[in-house]
Protein chains: 2
Amino acid sequence: MDRTEILKALAHPLRVEFLEWMKEPERHFCNQAHPLEMGICANQFEKRCGLSQSTVSAHLSTLEKAGLLTTSRVGQWAFYRRDEENIAAFLKELGSTL
Amino acid sequence: MDRTEILKALAHPLRVEFLEWMKEPERHFCNQAHPLEMGICANQFEKRCGLSQSTVSAHLSTLEKAGLLTTSRVGQWAFYRRDEENIAAFLKELGSTL
DNA sequence: TCTACATATCGAATAATGCCGATATTAGAT
DNA sequence: ATCTAATATCGGCATTATTCGATATGTAGA
């Protein structure tokens, strides 16, 4: 929604990677215990990037607050999905204003 | 050239504004002493945003290092231009990877 | 050459980010 | 109720970003 907040969220390469990984879940998260249709489980990002749990949680939170991801809690897990609508809207807006 | 560097450059709202202003020079820099075809003189940004000369110079430098602007010095002045090729290439790449 | 002007760079202060380990929160299982 | 597991939040520290004034550099004109 807020262009500046989105651009700040994208200013960290790891967060951009998260979004890229999520474009091809079957490729990058094939070892997930839960079905990929539920979204990507937070712990998957930890395993994949090697940073601490709290750091990864903060990055995911940044992406969510920017509107690029949505969260849904199922049991003790947090599943994240790309918000394709907002992503597309942002790209469109950036393309026209930049 | 480097996507991360460009995204970092765009993470500051003022720098995005600089790029936007430069899309319509006749609208935002109509009081420039030099012809707009030469580019936008560095001091124009100062006047328009109210920040100090050194700060504005640093912002312009950031945009230039990221490849979003080009500089040309004419006499004692520095003229900046949008690098439309790089901007378009970045937008295209971002659209396909994001 | 000396002076004035435009811009870049330096040094320092403050704010914001990124990272971690530790703790809190919440859910599921025993 | 207790224990375990997953995630979020907190406190602290290191790094980076932002801003300024002061200084350096480089150009133009008297």
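Chain naming here is simple, since letters A, B, ... match the order of the sequence lines and numbering starts at 1 in each.
- As a whole-Å value, the separation of B:Gln32 CD from C:dA6 C1' is 13 Å.
- Between B:Arg73 and C:dA6 there is no side-chain N or O to OP1 or OP2 distance below 4.0 Å.
- In the helix from C:dT1-D:dA30 to C:dT30-D:dA1, the rotation axis of the first five pairs and that of the last five pairs differ in direction by 10°, rounded to 10 degrees.
- Nucleotide C:dA8 holds its C1' atom 17 Å from the CH2 atom of B:Trp77, rounded to whole Å.
- B:Leu69 and B:Met38 are not part of a single hydrophobic cluster, where members link through side-chain heavy atoms under 4.5 Å apart.
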Stepwise salt bridge (Lys or Arg N to Asp or Glu O under 4.0 Å) test for B:Glu20 and B:Arg48: CA-CA 13 Å; B:Glu20 288 186 75; B:Arg48 204 152 199 314; over 6 Å; no

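- Using a 4.0 Å heavy-atom cutoff across all strands shown, A:Tyr80 reaches sugar-phosphate atoms only and no base atom.
- Ring geometry for A:Phe18 versus A:Phe45: interplanar angle of 30 to 60°, hence tilted.
- Mapped onto DNA chain C by nearest heavy atom, A:Gln76 and A:Leu14 fall at different nucleotides, with A:Leu14 at the one closer to the 5' end.
- Between the CZ atom in A:Phe90 and the CD1 atom in A:Ile6 there is a gap of 5.5 Å [rounded to 0.5 Å].
- Listed pair A:Lys8 / C:dT17 meets the phosphate criterion, a side-chain N or O lying under 4.0 Å from OP1 or OP2.
- Atom NE2 in B:His34 sits about 15 Å away from atom P in D:dT27, given to the nearest Å.
- Within the 3.5 Å criterion, the main-chain N or O of A:Ala58 finds a donor-acceptor partner in the side chain of A:Thr62.
- Atom pair A:Leu7:CG and C:dA16:P shows a separation of 18 Å (rounding to whole Å applied).
- Rounded to a whole Å, the CZ atom of A:Phe79 is 8 Å from the P atom of D:dT7.
- Listed by residue number, A:Ala42, A:Asn43, A:Gln53, A:Ser54, A:Ser57 are the residues of residues 42-68 of chain A with a heavy-atom contact under 4.0 Å to DNA chain D.
- Distance from the side chain of A:Cys41 is smallest to D:dT7 among C:dC19, C:dT7, D:dT7.
- Using a 4.5 Å heavy-atom cutoff, the side chains of B:Phe79 and B:Arg73 are not in contact.
- In terms of modelled atom types and a separation under 3.5 Å, the side chain of B:Arg82 and the main chain of B:Thr70 share no donor-acceptor contact.
- Between D:dT15 and A:His12, no contact under 4.0 Å exists linking OP1 or OP2 to a side-chain N or O.
- One interatomic measurement links the two molecules: CD of A:Glu5 to C1' of C:dA16, which rounds to 14 Å at whole-angstrom precision.
- Inspection of the B:Ser54 and B:Ser57 side chains reveals no N or O donor paired with an N or O acceptor under 3.5 Å.
- For B:Pro13 against A:Thr4, the heavy-atom pair with the smallest separation is CB-OG1, 3.8 Å.
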